[in-house]
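Reminder, nothing fancy here: chain letters follow the sequence lines and each chain counts from 1. These numbers come from a predicted model, not from an experiment.
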Amino acid sequence: MTASASARPLLLHLAVIAVLFGLQFVLPDYDHSSFTRIMLLASYAVGFNILMGYTGLLSLGHAMFFAAGLYGAGLTMQYLGFGSPAAFAAGVASGFSLAIAVGLLALRTSGVAFMIVTLMFAQACFLATLYFNDITHGDEGFVLAAEARRLTLAGEVFELSAPDLRYNAALLLFAVCLLACLGLVRSGVGRVLIAIRENEDRATMLGYHTFRYKLLSLALSGTMAGASGAAYALLFSYVGATFASIQYSILPLLWVLLGGVGTTLGPLIGTLLMFYLVESSSGYTSSYMLVVGVALVLLILWFPKGILGTLREKWLPWLP
Amino acid sequence: MSFGPPLFLGLLEGTVTAFVLALTALGLSLVFGVMRIVNVAHGEFFMLGAVLAWAFSSLLLDAPALGFVLALVGSPVVVGAVAFAADRLVLRRLNYGPEATIVATIGLLYIIQQLVLMLYGPNARAVVPPIQFRVQFPWFGYSGYKLVVVAASAALLLVTWYTLMRTRIGLVMRATRFDRETAQAFAIPVDRVYSLIFALGAVLAAIAGVLIVPIQQAHYLMGLDPLLLSFIVVIVGGLGSLRGTLVAAFVIGLSDGVISTFYSGTLAKIMATLLVALVLVFRPAGLFGGANR
């Protein structure tokens, strides 16, 4: 591979981030806010894809990591008076610790059993958010106070509810996740993960301690989910049990499938398309989740590689 | 008030739960055992059965008993047809790959659930029990219909057992379950057996849905709980072991009845889900399942 060919993916990713940065000046208010959400959710999807796409582990309970971040940030801010940076750190830490704890147990299984174990753990977490209703306010959730969501930096006060700040904070998080994913995939560790996905027995035979690599992948994935959950709580000031429900475990699966399993940019494309598809259909009917169901069935039947996966296969073999 | 009567009530409620759960979980277990796939849409077949029961019985509002019989026949047939079609149109094309079928059945779950929401609406609706009598115990009266549910479920479990163990079609199903390729070599139409099993699993869930609807109203989101409970039962009982499934259904159903009489239902559910996850991690063959194929 020549130097220019190996620089191409990096340039592409930087260009995507630059385009996202530029978009904030041209997008109308409404889409401006939608894009903020999309970038946060896409960070979640990037994390999901590291596990599903590059390690071959399909989790059906990722919402628990997202919710860990959401509640980790929200509860510490609400009850312990944490400031925004500390609350964000608490959210990321909860996502990370939950991922390690779940990983130590769930990674003893594989395949279908792994899917069900993660589903069950996530359901237990969801039920726990309902059970501790006094603290979490269950389904209703709670709204974070505006005073707490200020950021004082070098004497200046920033409001986290300001649209521009929100957009760029989301972009920053997404850029970090995306570049981390790209770096991982191109590193030696990433190659081991792919080897595990392709043939775990052979990776073991080659001397790799596959359990550690899988745990690392799950931890990274859970941390990204936690980070996007924490950012979601802080930027949109709402914390509720919906984000822990099964639906939020299924959505990243759908986004990644649509964009392309095992492609670095697939999660962004999948999230973007699905977000607007669901939103436009929810204008017509209250049963907008129908779109999600139909999309899942159609994708798995006729388009299992997703958009970027197909592009890579047909025309762009250098796509990471 | 003494401890006895509430415990007795809890056990009665638990028995009803256990039998309905056994029917639902048996459907899931059959599908997993024979086809080696996890059907995430199983709970929606239960829900569809219940909702269709409401639809059928509202055709004959003057004669609730007759309407209920119509529902008991009609709605499993419709649900079975839906499942048969889903198997032919979707699952077979995926070659029953374990992960692909899970994704596809998640899709089916949302399709069925949201179509019901569209056509039936978000409200819960009640169906009048076909028989109205109360069994009078010394401490309290108890709905006679619930005892009928127990009897009907027990009869159906027996019929299913008989079909599997004593009839030719059951033999064919067991052969397919034991070794798919050899079965095919002996001219068993494995594809057709798969479709049939998938439909049969859905029919069992639908019947459970019909039976439950006079006790618990029909609602488009009612499928999630039976799905998770069936998962729990099938896993605790040992994946694919029918006897284990039945034993686990009774253990879970009875303890659920007793625990939720005395404690919070949510806590019981949290415990059960964690238990299942741990069983899968540490005893993948299930608590009651021995070596079986």
Side-chain angles (χ1 to χ4, degrees), chain A residues 52 56-58 60-61 102 104-133 138 245-247 249-251 253-254 256-257 261 281 284-302 304, chain B residues 32 36-38 40-41 44 86 89-94 97-122 220 224-225 227-228 231-232 234-235 239 264-282 284:
Chain A
M52 178 195 182
L57 288 168
L58 180 47
L60 289 185
V102 167
L104 284 174
L105 289 170
L107 286 174
R108 296 168 59 117
T109 62
S110 60
V112 170
F114 180 78
M115 298 162 83
I116 297 180
V117 169
T118 47
L119 177 73
M120 288 296 170
F121 276 131
Q123 185 65 15
C125 288
F126 170 64
L127 290 171
T129 62
L130 298 183
Y131 183 70
F132 296 105
N133 193 26
S245 66
I246 292 184
Q247 189 179 326
S249 297
I250 305 302
L251 284 173
L253 165 66
L254 175 63
V256 170
L257 266 181
V261 181
S281 65
Y284 299 105
T285 161
S286 60
S287 31
Y288 58 89
M289 284 299 286
L290 182 64
V291 180
V292 171
V294 172
L296 274 175
V297 171
L298 293 183
L299 280 172
I300 200 76
L301 271 180
W302 284 296
Chain B
F32 182 84
R36 297 277 138 192
I37 61 168
V38 177
V40 186
E44 303 314 304
L89 295 176
V90 180
L91 300 186
R92 178 179 298 178
R93 286 170 201 264
L94 296 172
E99 305 206 337
T101 37
I102 288 196
V103 175
T105 50
I106 292 171
L108 277 179
L109 179 160
Y110 281 120
I111 292 176
I112 296 175
Q113 184 193 80
Q114 298 291 317
L115 281 177
V116 167
L117 171 63
M118 244 182 206
L119 301 172
Y120 170 85
Y220 80 103
L224 187 61
D225 269 355
L227 173 72
L228 290 171
F231 267 0
I232 292 173
V234 171
I235 290 166
L239 290 172
S264 133
T266 313
L267 189 63
K269 273 191 209 157
I270 294 179
M271 291 309 185
T273 39
L274 284 179
L275 169 77
V276 163
L278 296 178
V279 165
L280 257 184
V281 170
F282 294 107

Task: Residue M115(A) versus chain B: region with a heavy atom under 4.5 Å - done: side chain
- [ ] Among the options L228(B), T101(B), V40(B), pick out the one with the most heavy-atom pairs lying under 4.5 Å from chain A.
- [x] L228(B)
TODO: Go through the atoms of L224(B) and report whether side chain, backbone, both or neither lie under 4.5 Å from a heavy atom of chain A.
DONE: side chain
- [ ] Just do the side chain to side chain contact (heavy atoms under 4.5 Å, CB included) check on L253(A) and M52(A) with the steps written out, would you?
- [x] CA-CA 8 Å; L253(A) 165 66; M52(A) 178 195 182; 3.6 Å; yes
Task: Heavy-atom pairs under 4.5 Å with chain A, option from G107(B), A272(B), P122(B) with the top count - done: G107(B)
- [ ] Sort out for me which of I250(A), L58(A), L119(A) touches chain B most, counting heavy-atom pairs under 4.5 Å.
- [x] I250(A)
TODO: Using non-hydrogen atoms and a 4.5 Å limit, figure out which bit of V38(B) sits close to chain A: side chain, backbone, both or neither.
DONE: side chain
TODO: With sequence neighbours excluded, give me every side chain to side chain donor-acceptor pair (under 3.5 Å) pair touching residues 267-282 of chain B.
DONE: D225(B)-K269(B)
Task: Minimum heavy-atom distance G111(A)-E99(B), with the two atoms named - done: CA-OE2, 3.9 Å
TODO: Could you tell me whether Y131(A) atom OH has more than 12 heavy atoms of other residues or ligands within 6.0 Å of it?
DONE: no
Task: Minimal non-hydrogen separation, A86(B) against L108(B), with atom names - done: CB-CD1, 3.9 Å
TODO: State the CD1-CG distance between I106(B) and L254(A), to the nearest 0.5 angstrom.
DONE: 10.0 Å
TODO: Select, from T266(B), I102(B), L267(B), the one with the greatest count of heavy-atom pairs under 4.5 Å involving chain A.
DONE: L267(B)
Task: Residue part contacting chain A, namely of L278(B), when any heavy atom lies under 4.5 Å - done: side chain
Task: For the student: nearest non-hydrogen atoms of L290(A) and Q114(B), plus distance - done: N-CG, 3.3 Å
Open item on the list: Between F231(B), Y220(B), F282(B), who has the most heavy-atom pairs with chain A when the cutoff is under 4.5 Å?
Closed with: F282(B)
TODO: Find the one option among I232(B), L115(B), V281(B) whose heavy-atom pairs under 4.5 Å with chain A are most numerous.
DONE: V281(B)
- [ ] Look at the side chain of T118(A) and the backbone N and O of L60(A), then say whether any donor-acceptor pair between them is shorter than 3.5 Å.
- [x] yes
TODO: Identify which part of L89(B) has an atom lying under 4.5 Å from any heavy atom of chain A, answering side chain, backbone, both or neither.
DONE: backbone
TODO: Just give me the residue among I112(B), V276(B), I270(B) that pairs up with chain A most often, heavy atom to heavy atom, under 4.5 Å.
DONE: I270(B)
